[in-house]
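Report on one structure; see the data block that follows.
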Amino acid sequence: MNQIININSFHKNLLSWFDNHARILPWRQNPHWYKTYLSEFMLQQTQVDQVLPYFLKFYHKYPDIYALANLEEQEILRQWAGLGYYSRARNLRKASIKIVKNFNGNFPETIKDALTLPGIGIYTAHAILSIAFNKPYAVVDGNVKRVISRLFTINEEITSIKALKKITPICDFLLNKKYPSKHNEALMELGATTCTPINPDCQSCPVNLFCKANQDNAVHLFPVRIPRKAKRNVFYYTFIIKHNEYFLLIKREAKGLLASMWEFPSLEGIEKGYSQKKLLKFITNDLGINGKIDHIYKSIKHQYTHLSASYTPVKITADSKKQTFEMFPDWKWIKPGELSQYPIHTAHKKITRNLEIETKG
DNA sequence: AAATCGGGGGG
DNA sequence: CCCCCAGATTT
């Protein structure tokens, strides 16, 4: 720690600010550990505004841990579709099953037990135990890291392990042991609403008098960050394969990108511009379907964290509904109206909208 | 320690 | 277009 701060004054300013400025969020009303648990899974690497509709839907449909534990994987993926990071949905289900089986339906109140739950790491364990059970564990999330990096002018690159090892003990020291729940939420709230990445509102910050970066007029220099590596380009041909009113939908592998999500069968390449001959060869030789290319549509772009993807829809008319595909974990010939019964990832959902597959077929 | 895993919103 | 976000897990 490179500066001495009046810890009591720090706590007082932070908590009174939170009392006056806390956003009204559904998981903060009539608090219960289940709400904290569900919201924390969704909030991993995802902003509040994006989580809100999903939290409301899930809480309404699955009001307790037993409802979640009873879900099929396919169904929780379907409900989660569009929120991203789908391993969270699988882990939420597995963790819920474990809570019912091993902990009698109650969230385990020790760090050691909480960390045995899939999808729950240090941050989420600390968050649930502090926010829902008022246990004295400090949280270190993206918001807190940014706030601390400014308060104490942390020079380590913010995503590095070095930075985390420097920031964690500071958070442990700063933690308000009397009000850990409010303290943690307040620090995260401060980062989300005031100590923002760009144009932070230092004037209205309750702890600006304790902020080294603010004193040095150097808030814009923190957190320290190095540019990311360039994204890889990926090009997909996405085949809408029709036979009468049916078209082919397949399930992705259980590992890797968009694991176990459903989509139209696709050909992946690292370069653009496959010939029609090559596309038809994929259909005939790899899928074993005889048919013809009806139309090649304009491609759509979709950005992933590490990929810059382009999807080119290709409409195929098949001679028959072939029923065996060794290359897919699962598949189904479905009618357009049945599309909503499957967990479809966002890029392919865009394609169904562009091609108006749900309505026109 | 680095890579992977989604998607949306903001500058 | 690039940036970031109530991180966890695998390599």
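These values consider heavy atoms only, across backbone and side chains, with no hydrogens, waters or symmetry-generated copies. Just so it is clear: chains get the letters A, B, ... in the order the sequence lines come, proteins before strands, and each one is counted from 1. Note that this is a predicted model, so its numbers are computed, not measured.
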Using a heavy-atom cut-off of 4.0 Å across all strands, would you classify I161(A) as base, sugar-phosphate, or nothing? base
Under 4.0 angstrom between K229(A) side-chain N/O and dA3(B) OP1 or OP2: yes
When you look for runs of 3 or more Watson-Crick or G-U pairs in a row, both distances below 3.5 Å, which of them include DNA chain B? B:1-5 with C:7-11, B:7-11 with C:1-5
Is there a donor on the side chain of T305(A) or the base of dG6(B) sitting less than 3.5 Å from an acceptor on the other? yes
With a 4.0 Å limit, can you tell me whether H306(A) has a side-chain N or O closer than that to the phosphate oxygens OP1/OP2 of dC5(B)? no
Give a yes or no on whether the ring-centroid distance for Y179(A) and H11(A) is below 6.0 angstrom. no
Sequence neighbours excluded, every pair satisfying salt bridge (Lys or Arg N to Asp or Glu O under 4.0 Å) that has a member inside residues 250-265 of chain A: R252(A)-E263(A)
Contact list please: residues 109-124 of chain A against DNA chain C, heavy atoms, distance less than 4.0 Å, in numerical order. P118(A), G119(A), I120(A), G121(A), I122(A), Y123(A), T124(A)
Do the side-chain N or O atoms of T346(A) get closer than 4.0 angstrom to the phosphate oxygens (OP1, OP2) of dG6(B)? no
Residues touching DNA chain C, which here means a heavy atom under 4.0 Å, drawn from residues 12-32 of chain A: L25(A), W27(A), R28(A)
Under 4.0 Å, heavy atom to any atom of DNA chain B: which of residues 37-47 of chain A qualify? Q45(A), T46(A), Q47(A)
May I have all residue pairs that pass salt bridge (Lys or Arg N to Asp or Glu O under 4.0 Å) and include part of residues 28-48 of chain A, sequence neighbours excluded? R28(A)-E185(A), R28(A)-E189(A)
Which residues pass the salt bridge (Lys or Arg N to Asp or Glu O under 4.0 Å) test with D49(A), sequence neighbours left out? none
Scan residues 112-136 of chain A for pairs that pass salt bridge (Lys or Arg N to Asp or Glu O under 4.0 Å), counting only residues two or more places apart or in two chains. E109(A)-K135(A)
Covered region of DNA chain C, 5' end to 3' end, by chain A [heavy atoms, under 4.0 Å]: dC4(C) to dT9(C)
Between dA3(B) and dA6(C), how far apart are the two P atoms, rounded to whole Å? 24 Å
Heavy atoms within less than 4.0 Å of DNA chain C: which residues of residues 93-103 of chain A have one? Give them sorted by number. none
Please tell me whether F264(A) and F247(A) form a close aromatic pair, meaning their ring centres lie under 6.0 Å apart. yes
Residues forming a side-chain contact (heavy atoms from CB on, under 4.5 Å) with D216(A), sequence neighbours excluded: T153(A), K212(A), A218(A)
OP1 or OP2 of dG7(B) less than 4.0 angstrom from a side-chain nitrogen or oxygen of Y86(A), does that happen here? yes
Contacting residues from residues 58-75 of chain A, given that a heavy atom lies under 4.0 angstrom of DNA chain C: none
